[in-house]
Structures are given as C-alpha cells and as structure tokens.
Asks: 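Sharing a structure, written as structure tokens. Questions coming.
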Amino acid sequence: MTDSAKPTLLVVDGHSLAYRAFYALPVDNFTTKDGQHTNGIYGFLSMFVNLLKAEKPTHLAVAFDTSRESFRTREYTEYKANRAETPSEFRGQIPLLQECLEAMGVTVLTKPDFEADDILATLATQGVEAGFRVLLCSGDRDTIQLVNDDVTLLYPSVQGVSQLKRYDPPAVVEKYGLAPEMYPDIAALVGETSDNLPGVPKVGEKTAVKWLTQFGSLDALLEGAHTIKGVVGGNLVAHVEDVRRNRRLNRLLRDVELPVRPEELIRQPLDAQAVRDIFARLEFRTLLPRVFEAAGEVAQDEPQAAAEPAPQARQASATELAAWAGGSQVETGVTVTILGGLPERIGLARIVEGQGAEAVEATWSDEVAEALAAWLASDAPKVLSDAKPQLKALGRAGLRVSGIAYDPILAGWLLRPSFPDKTLGDLVERYLGEKLPEADPSQLVPETEGATPGQLSWYALRVVTGLRDELAESVASVLVDIELPTLSTLADMELAGVAVSHEKLSRFSGELGTRADAIAQEAYAAIGREVNLGSPKQLQEVLFEELQLPKTRKTKTGYTTDAAALADLQEKAHHPFLDMLLQHREATKLKQIIDGLDAAIAPDGRVRTTYVQTGSQTGRLSSTDPNLQNIPVRTEESRRIRAAFEVGDGYDSLLTADYSQIEMRIMAHLSGDPGLIEAFNTGEDLHRFVGARVFGVEPEDVSPAMRTKVKAMSYGLVYGLSAFGLAKQLRIDQSEAKSLMIEYFARFGAVRDYLRSSVEQARVDGYTETIFGRRRPFPDLTSPNRQLRENAERAALNAPIQGSAADIMKIALFRIHNDLRDLRSRVLLQIHDELVVEVAPGEWDEVERIVRERMGTAAQLTVPLDVQVGRGADWNEAAH
DNA sequence: ATGCCCACGTA
DNA sequence: CGTACGTGGGCATT
C-alpha cells in the first residue's frame with residue numbers, strides 16, 4: 001500500500017489546543033452577550049477546520065482530559081502540582097466545545113484516570129497496526145515520542161495555534177538531535193517545569209543530547225553516571241532517581257482501553273441543525289460556513305438516511321379541490337404561496353393511516369377562492385406552517401380561516417424559545433433528518449425544483465408528529481389555548497393597521513430638524529469645531545481628549561457617551577457642550593422616530609406593523625417594520641407623536657385599555673405574600689401602601705422620595721435587582737440601598753422566599769413555567785461561569801412573571817377579538833400591557849364593557865386585575 | 001452590501 | 001452588577 005493510498009487517522013488533543021487558544025485570543029472579542037467566554041472554543045475550532053481542510057483525514061477523533069487527576073498524580077503527587085488552577089472561564093468552555101464537536105459528527109474521547117495524550121498514544125499505535133497514516137495534533141511536547149514513519153505530530157508554534165509545525169522523524173532529529181523515541185529521555189534529564197518534574201540541575205537540552213549520543217541510551221547513561229566528571233556529573237548521580245521517575249511519568253500509555261477502534265472513527269456527516277443551534281448560542285457566524293465547507297466532502301460521501309419521497313401533488317380544478325378538502329376529517333396540511341400580498345397558489349396534503357400521503361394543489365383564482373371558502377372557514381382541522389402571513393393573504397382575498405389545529409413554527413418556538421427554528425426547513429431537518437427541497441434562487445433556471453405548496457403541506461404535517469411527541473402537556477395547551485387563537489387575532493390587527501397623520505408628523509419633524517440644526521451650531525461654537533454629534537467615536541475625542549473631561553464607564557470600544565453618563569459629567573465638570581449634546585440627542589432621536597414612522601404610512605393613511613409571535617423568549621410579542629411597541633410616551637413633547645395616531649375615517653374614537661401594575665399583581669399572586677395581596681385588595685395606591693409598610697409611617701405620610709424608592713425597589717424585584725443596581729438607579733449609597741432592601745423584605749418576606757424558591761426550582765427542573773404552563777429552559781443556571789449563571793438567575797426570576805403577564809394579555813386579546821366579531825370596532829395595537837381599539841360610532845359602551853370584562857377576567861388571581869380605560873380622538877388623548 | 005457597536009425608545 | 005424587545009447611525013469590513 002502506498003502512503004497516499006492509506007487512510008488517514010487524525011487524533012487531536014482537545015484540551016491542550018483549546019487551552020492554548022484560550023490564552024492566544026483576547027477574551028473581549030470572544031464573549032457572548034450573555035457573558036459566555038468562547039475564545040478557547042473559537043480558537044480551537046478555527047484551527048480544527050483548517051486542519052480538516054488541509055489534511056483531509058478519513059478518520060477522526062478528539063481526546064480530552066477528564067480532570068487534573070490521573071494515574072500520574074497518584075504515582076507522584078507533585079505531578080503538575082505547580083500549575084495554576086485551571087481558570088473557570090476556560091473549564092466552562094470544554095463541555096461546549098465537546099458539544100460543538102459532537103454536532104460536527106466528531107468522536108470525542110475521554111478516559112477517566114488517563115490524559116488525552118495517552119489516548120493519542122493508544123490510537124496512534126493501533127492506527128499504525130491497522131494500516132493508517134496517523135496525524136497527531138497536540139500542544140504537549142511529550143507526544144514527540146510517538147512520531148515515527150507512519151505517525152506525524154502537528155505541534156502549535158509559539159506564534160499561535162493557527163501555525164502548526166510538522167514533526168516527522170527527520171524534523172525531530174533536526175530539532176532535537178535524536179530520534180523521536182528518545183525525546184522522553186531528553187525530557188527526563190532536562191525536566192519539565194510545566195509538569196513540575198524537576199530535572200538534573202545545570203543540564204539542558206544540549207548536554208542531555210550529548211550524553212545520550214555518547215552512551216546510546218538513558219539506561220546506559222544512568223549506569224555510567226559516576227564516570228561523568230564535574231559538577232554536572234555529580235548532579236546527575238544525585239538525581240538519578242528523579243530522572244527515572246520523570247521517565248516513568250512522561251512515557252505515554254499505548255494500551256489504554258478505549259470504546260472504539262481506529263476503523264470506527266471514520267468521519268461522520270455533521271448534524272447541520274445541531275451545529276447551527278450551538279453556533280447560534282456561541283454567537284459564531286463566520287465559523288459556520290467554514291465548518292460546513294470542511295465537512296462538505298464527508299457529507300457528500302455519506303449516504304443520507306433514505307428520505308421518504310414527497311408525493312407528487314395532483315393539479316386539481318376548483319371543484320376537485322373543494323371536494324378533496326371536504327372529504328375527510330383527517331388533519332389537512334395547507335400551504336398558501338403568496339405573491340404581492342395575495343394568494344398565488346394553494347396546496348393541500350393529507351396523510352391517511354395505512355394509505356400513505358396525498359397532495360393536491362391549484363393556482364389561485366376566484367373559482368378556487370369560492371370553492372374553498374366554506375371549508376377554510378370551517379372547524380375542519382388544518383396545519384399551517386408560519387400561518388400568519390398566509391392568513392393575511394387569504395384575508396386580503398376576502399377569506400376567513402378557522403380550525404387552525406397546529407402551526408409547527410409556533411410549536412417549535414414554545415419548545416425552544418431561545419433558539420426557535422425559523423423555517424419549515426429547519427424543522428424538517430430537526431425532526432425528519434431530511435432536507436426540504438429548495439430551488440436555488442441564484443439560478444435563472446434552477447437545477448433543483450423547490451417543494452410545491454402541496455409538498456410543503458405534506459412536510460408540515462410530518463413534522464407535527466415529532467413536535468407533538470416533544471411538547472409537554474402544559475405547553476401543548478399554551479399552543480392550543482393561547483397561541484393559536486392569538487395568531488388569527490394578530491393577522492386581523494396587522495391587516496387593519498392604525499391611522500397615522502402625516503401632517504402632524506411632518507410638521508413636528510420640521511420643527512425638530514430646525515431645532516437640531518440650531519443646537520448643533522451652538523454645540524460646535526462651544527468647542528470651536530464641527531463634529532458629527534451622532535458619532536460616539538468622534539464625541540469621545542472631543543470629551544475625553546480635547547476637553548479632558550473625566551472618563552466615564554468603559555464600553556467595548558472606549559468610554560460611554562450615553563445620556564446618564566453625560567448627565568453625570570455635567571454635574572462633575574460643567575461644560576456648555578454637554579448640555580447642547582444632550583438636547584441635540586433628544587431632538588434628533590425624536591425626529592428619527594418620526595421620520596421612520598412617516599415613511600411607513602401606506603397610501604391609505606395607515607401604518608401596519610408585523611407582530612412577531614415568536615419574537616421573545618418569555619411569551620411576549622415583538623413588533624417590527626415599524627416597531628409600534630416603543631413609540632415614545634415619557635415626555636410631554638414626545639407625546640405629540642402619539643397624538644399623530646388617530647382614529648380612522650368612519651370610526652368614532654380610540655379606546656386604550658391597560659393593566660395597571662400587572663407584573664406586581666402576578667408577583668403578589670405567585671408569592672402569596674399577605675402584605676402585597678392586601679395592598680392590591682385595599683385599592684390603596686400600591687407604592688404608597690408599600691412605602692407606608694417599609695418606612696413605618698401612615699400611608700398619607702409617605703413622601704414622594706419614599707414612594708420613588710419603594711417603587712424602584714418593587715419594579716427592580718421583578719428583574720432580579722441587586723443592591724448595587726438599586727443604588728445606581730436611585731443615586732443613593734449602596735448601604736442605603738441595602739437597608740432599603742432589608743426593610744422591604746422584612747415586610748414582604750414571602751416575595752423573597754418566592755423569588756429564591758422559583759430559581760431553585762428552575763435549577764432542578766431546567767426550566768421556568770408561567771401560570772399557564774409556558775416553559776422557558778435555562779441551561780445556564782448550573783454553569784460554572786458566574787456571570788453566565790447570575791444572568792440566567794435574573795432571567796429565570798423574571799420569566800414566569802413577564803411570561804404570565806404576556807399569557808394573560810394574549811388571552812384577553814383574542815377573547816376581545818372574538819367578542820368584536822359582529823361589531824365594526826376592532827383591536828389595532830398591543831403594547832404588552834395595553835390595547836388600542838378603534839371604536840365604531842355607536843359601539844362605545846358595548847366595546848368598553850367587553851374590554852373591561854375580558855381583561856379583568858383573563859386570569860383568576862388572588863388579587864384583582866385592574867384595567868384603566870381611556871377614550872379620545874387620538875392615542876395621546878385616549879391615554880388620559 | 002453586511003455586520004457590529006452604541007445609544008435609546010417602549011413595557 | 002435589572003428583564004424583554006427593535007431601530008438607526010456610524011464605522012469597519014467584505
């Protein structure tokens with residue numbers, strides 16, 4: 001067998017290489033937003049994919065140490081004892097790295113009581129016997145002993161992990177002057193400081209090689225030690241036992257018992273979905289295509305699991321379609337493809353037990369619409385993947401859809417709210433292990449046909465089985481009882497849009513533009529030059545270099561210039577520029593919001609947002625294009641923007657309804673705190689009531705300052721606030737914040753007990769749960785990384801509260817939507833705890849009654865749900 | 001063109 | 001060192 005024809009086995013010492021990467025890469029650039037350090041993982045994987053590309057191994061494994069303990073530490077307790085404690089920031093990366101490798105189809109090997117290099121030695125030995133060309137990659141010099149004609153070592157150079165030096169026998173001889181198998185003899189004489197193995201004093205590599213060459217072997221040298229003259233000779237005699245011990249310890253074991261043979265390490269295809277998931281968690285972007293590329297050759301060689309062929313969809317006439325749809329009680333998959341916002345084609349699919357799959361489809365037409373209208377509006381169960389855009393398209397075509405039994409995208413989000421599968425294709429890969437056929441959009445005449453609507457419906461039906469199996473009962477009820485009814489409601493809200501006055505906006509925008517320009521001129525005058533006031537980078541130059549103002553809080557790229565920091569600066573070192581800058585920020589920010597909103601007004605004068613039902617990890621909605629959930633409200637001036645949201649033509653008024661303090665009420669309910677429950681049942685102002693208890697005064701004697709403090713504390717509780725954060729927020733001493741917290745918890749102890757126990761429960765279960773059973777997993781609650789763990793604890797504290805509030809609002813929302821079915825009034829907006837309804841003439845009383853009733857009774861808590869209702873011609877007016 | 005960072009709007 | 005979001009400008013990168 002020629003060398004090139006031999007299969008190549010690559011075995012990597014994961015621990016030593018990741019450890020080198022950990023020190024080679026700056027941690028600042030490799031930290032996720034949650035605080036997980038990833039520099040070791042990134043550096044290792046980057047090196048690893050380069051290695052795969054360059055060496056194209058046919059067989060592959062990565063070995064790890066299990067711990068610092070091994071048979072060597074037992075034999076010699078001082079072994080590696082001088083090493084600093086492995087940083088926890090590094091240790092925490094190892095399980096994640098292993099997870100990455102497993103997702104990439106790479107075998108990860110560990111063996112308790114042995115080091116990774118013993119695994120390398122064993123596999124190298126077995127590999128050569130089995131006829132492999134073996135490549136080893138390790139950052140531990142002891143592996144040099146393994147090099148021979150069939151075994152090459154790739155050793156990271158000092159410059160970094162990306163540069164690997166190849167050690168074959170000639171390279172070892174050139175570097176050390178001796179054959180590879182004698183390297184441990186050199187090391188035994190010289191010693192290895194990193195392993196805490198002291199060698200013979202005054203003996204370095206040069207001397208060791210000279211002696212070994214002279215005597216021919218270590219044994220011969222040690223026996224003849226007394227013949228060597230001088231101080232070093234004496235040293236050798238005195239340290240013979242040390243040398244023997246060193247040699248025992250640096251011998252790598254070639255016969256470790258392993259669960260696999262080299263032949264079984266044949267490269268496996270990667271699990272694309274798993275790789276995407278873990279890389280998303282680690283926020284690796286550029287690495288993803290490199291990994292796929294490196295894995296490409298393997299994936300093609302490996303036969304895919306035989307995918308069930310998609311049924312050929314029969315092209316049907318309108319009447320055939322209607323007959324087919326109406327002909328069964330089995331769940332039907334429905335897919336509408338959409339063109340320009342309207343239905344273009346429709347496909348239906350069905351899987352009948354024992355009879356296989358069937359699909360029909362048709363190009364959209366008035367006849368099709370008419371034929372399918374009754375069935376679509378019926379309760380016949382339908383599965384739609386990412387249903388909302390399809391419901392909207394059908395809605396624009398004048399069709400209502402009922403009987404939505406499942407939306408796989410929503411189900412996937414409920415299972416993994418932190419990493420939702422975004423497309424049906426993602427779910428097909430996850431649950432079926434198949435690729436959804438996709439037409440290549442870059443090709444004019446695609447080589448591969450994309451799935452047709454009928455086939456997509458069939459795929460949607462098939463993933464439902466896996467999702468149903470995985471969905472816990474409580475979560476399934478959140479899907480059926482909350483999310484699916486909400487889905488149809490949102491489709492109608494998005495279609496309705498909200499009327500926004502271009503006139504009001506453009507007038508305001510003009511004013512703000514003029515003002516911003518004037519302020520900018522003043523600002524330039526204050527510093528004697530022009531800068532881009534919108535550039536934090538340029539501002540830092542001005543503030544901290546030219547004006548020499550005291551430095552603010554650090555950011556990744558310098559020092560912050562945010563509003564809070566600028567206000568602080570203004571107090572410490574008055575400078576007119578600061579005030580100008582703050583005013584300029586305010587004006588330009590408002591103008592930016594206004595102009596964005598103005599641009600979103602459709603020809604009919606209405607703005608239509610998109611609610612992303614899977615847009616949060618807690619159960620809330622999010623709003624995009626434009627975001628109507630962050631329209632300014634806090635300042636008098638910014639409310640002019642809300643005033644531009646008007647009642648539409650043909651309608652009477654806007655109704656706003658919001659829950660007051662819903663999160664604190666949920667906190668009262670979940671904690672069962674008698675004091676807090678009483679606060680809500682007496683009808684007293686919450687913060688006044690709490691303030692009276694905390695400060696031991698009568699409610700009427702609670703000063704504004706006291707009220708502010710307990711209010712901040714109450715809200716902070718919901719977010720997992722610390723004394724530090726509370727002090728910062730209130731600009732008081734940390735000691736005062738601390739005593740405030742102590743006083744608060746002395747009066748409302750059940751709140752603290754609840755918060756503590758709910759995080760504890762989440763640590764045990766691995767997830768939190770809302771009142772209605774919505775779950776959110778928290779794997780990081782047991783992380784060794786403190787920042788990561790504490791972040792998870794705060795989020796876990798908040799999730800049941802924020803999530804329960806979201807559940808309650810959704811329930812109220814779709815019930816109101818249903819109740820309004822026979823009225824002209826309609827819900828337009830949801831802003832987490834607030835709804836905006838457009839009320840038709842003559843319907844006010846009825847609508848107000850419905851809204852109050854539904855919001856007030858969406859959940860039965862131990863405290864009442866208080867609802868504030870307002871009426872006006874615009875959103876600002878209605879808010880009062 | 002694309003992606004990251006900063007800053008800031010809401011509940 | 002307080003949760004959950006989305007947007008837009010600047011700026012470095014491709």
Side-chain angles (χ1 to χ4, degrees), chain A residues 28-29 33-35 283 285-286 417-418 531-540 552-566 581-582 584-586 588-597 599-600 609-612 614-635 638-639 641-642 658-664 667 712-730 734 737 755 768 776 786-787 790-803 805-806 809 829-835:
Chain A
D28 288 358
N29 301 350
K33 61 180 186 330
D34 293 337
E283 297 173 9
R285 279 163 285 266
T286 52
S418 303
V531 288
N532 184 341
L533 296 173
S535 163
K537 190 162 163 274
Q538 294 183 33
L539 288 176
Q540 286 172 48
T552 56
R553 176 171 53 84
K554 276 202 166 190
T555 67
K556 271 192 179 181
T557 52
Y559 299 94
T560 184
T561 65
D562 69 21
L566 293 182
L581 178 55
L582 282 166
H584 186 263
R585 280 253 178 88
E586 203 177 306
T588 49
K589 179 73 184 174
L590 274 187
K591 183 171 189 298
Q592 181 189 311
I593 293 170
I594 290 163
D595 293 347
L597 202 54
T609 184
T610 301
Y611 289 105
V612 184
T614 57
S616 80
Q617 302 185 47
T618 52
R620 278 189 176 183
L621 304 174
S622 74
S623 159
T624 66
D625 284 319
N627 180 357
L628 296 186
Q629 289 180 324
N630 71 343
I631 302 301
V633 69
R634 291 192 204 285
T635 67
S638 71
R639 280 183 223 121
I641 302 180
R642 293 208 167 202
D658 61 87
Y659 282 119
S660 54
Q661 293 136 352
I662 187 167
E663 294 191 338
M664 280 305 286
M667 176 86 99
M713 170 90 198
S714 291
Y715 277 105
L717 280 179
V718 178
Y719 303 139
L721 187 69
S722 63
F724 178 93
L726 186 64
K728 207 175 109 181
Q729 158 94 19
L730 290 170
Q734 212 166 314
L755 292 172
T768 59
R776 176 173 169 189
R786 199 180 80 171
Q787 194 199 336
E790 290 179 346
N791 287 349
E793 285 169 353
R794 286 192 300 275
L797 210 92
N798 173 261
I801 300 169
Q802 190 184 117
M809 182 49 118
L829 302 176
Q830 188 257 38
I831 308 98
H832 307 306
D833 64 2
E834 173 184 7
L835 294 178

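Chain letters run A, B, ... following the sequence lines, proteins first and then strands; every chain starts at 1. Only this structure's heavy atoms are used, side chains among them; waters, hydrogens and symmetry mates stay out.
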Asks: Counting only side-chain nitrogens and oxygens, does A/T618 get under 4.0 Å of the OP1 or OP2 atom of C/dT3?
Replies: no

Asks: Grab the NZ-P distance between A/K556 and C/dC11 for me, whole Å please.
Replies: 19 Å

Asks: What pairs with A/K591 under side-chain hydrogen bond (donor to acceptor under 3.5 Å, both in side chains), at least two apart in sequence or on another chain?
Replies: A/D595

Asks: Determine the contact category for A/Q787: base if any of its heavy atoms lies under 4.0 Å from a base atom, sugar-phosphate if only primed atoms, P, OP1 or OP2 are that close, otherwise nothing.
Replies: nothing

Asks: Would you say a side-chain N or O of A/S623 is under 4.0 Å from OP1 or OP2 of C/dG6?
Replies: no

Asks: Could you tell me which residues satisfy salt bridge (charged side-chain N to carboxylate O under 4.0 Å, His left out) with A/K554, sequence neighbours excluded, listed by chain and number?
Replies: none

Asks: Below the 4.0 Å mark, does C/dG6 have OP1 or OP2 next to a side-chain nitrogen or oxygen of A/S622?
Replies: yes

Asks: Under 3.5 Å between N/O atoms: give me all the protein pairs with nucleotides 7-11 of chain B, atom names plus distance.
Replies:
{"unit_1": "B/dA7", "atom_1": "OP1", "unit_2": "A/T561", "atom_2": "N", "d": "2.6"}
{"unit_1": "B/dA7", "atom_1": "OP1", "unit_2": "A/T561", "atom_2": "OG1", "d": "2.6"}
{"unit_1": "B/dA7", "atom_1": "OP2", "unit_2": "A/T560", "atom_2": "OG1", "d": "2.8"}
{"unit_1": "B/dC8", "atom_1": "OP1", "unit_2": "A/R585", "atom_2": "NH1", "d": "3.1"}
{"unit_1": "B/dC8", "atom_1": "OP2", "unit_2": "A/A563", "atom_2": "N", "d": "2.9"}
{"unit_1": "B/dG9", "atom_1": "N2", "unit_2": "A/N630", "atom_2": "ND2", "d": "3.3"}
{"unit_1": "B/dG9", "atom_1": "N3", "unit_2": "A/N630", "atom_2": "ND2", "d": "3.0"}
{"unit_1": "B/dT10", "atom_1": "OP1", "unit_2": "A/V633", "atom_2": "N", "d": "2.7"}
{"unit_1": "B/dT10", "atom_1": "OP1", "unit_2": "A/R634", "atom_2": "N", "d": "3.0"}
{"unit_1": "B/dT10", "atom_1": "OP2", "unit_2": "A/R634", "atom_2": "NE", "d": "2.9"}
{"unit_1": "B/dA11", "atom_1": "O3'", "unit_2": "A/I831", "atom_2": "O", "d": "3.4"}
{"unit_1": "B/dA11", "atom_1": "O3'", "unit_2": "A/D833", "atom_2": "N", "d": "3.1"}
{"unit_1": "B/dA11", "atom_1": "O3'", "unit_2": "A/D833", "atom_2": "OD1", "d": "2.9"}
{"unit_1": "B/dA11", "atom_1": "O3'", "unit_2": "A/D833", "atom_2": "OD2", "d": "3.2"}
{"unit_1": "B/dA11", "atom_1": "N3", "unit_2": "A/R620", "atom_2": "NH1", "d": "2.9"}
{"unit_1": "B/dA11", "atom_1": "N3", "unit_2": "A/R620", "atom_2": "NH2", "d": "3.3"}

Asks: Take the protein atom CD of A/Q538 and the nucleotide atom P of C/dG10, then report the distance between them rounded to whole Å.
Replies: 9 Å

Asks: Can you tell me if the side-chain N/O atoms of A/K537 get under 4.0 Å from OP1 or OP2 in C/dC11?
Replies: no

Asks: As a quick check of understanding, evaluate side chain to side chain donor-acceptor pair (under 3.5 Å) for A/T561 and A/R585, giving each step before the final call.
Replies: CA-CA 11 Å; A/T561 65; A/R585 280 253 178 88; 2.9 Å; yes

Asks: With sequence neighbours excluded, tell me which residues meet side chain to side chain contact (heavy atoms under 4.5 Å, CB included) with A/R553.
Replies: A/T560, A/D562

Asks: Return the value, rounded to whole Å, for the distance between atom CG of A/L539 and atom P of C/dG9.
Replies: 16 Å

Asks: By ring-ring contact (aromatic ring centres under 6.0 Å, His included), which residues pair with A/Y559, not counting sequence neighbours?
Replies: A/F544

Asks: Measure from CD on A/Q617 to P on C/dG6 and round the result to the nearest Å.
Replies: 10 Å

Asks: With a non-hydrogen cut-off below 4.0 angstrom, is A/G534 in contact with a base, only sugar-phosphate, or nothing?
Replies: sugar-phosphate

Asks: Would you mind listing every salt bridge (charged side-chain N to carboxylate O under 4.0 Å, His left out) that reaches into residues 615-627 of chain A, with sequence neighbours excluded?
Replies: A/R620-A/E663

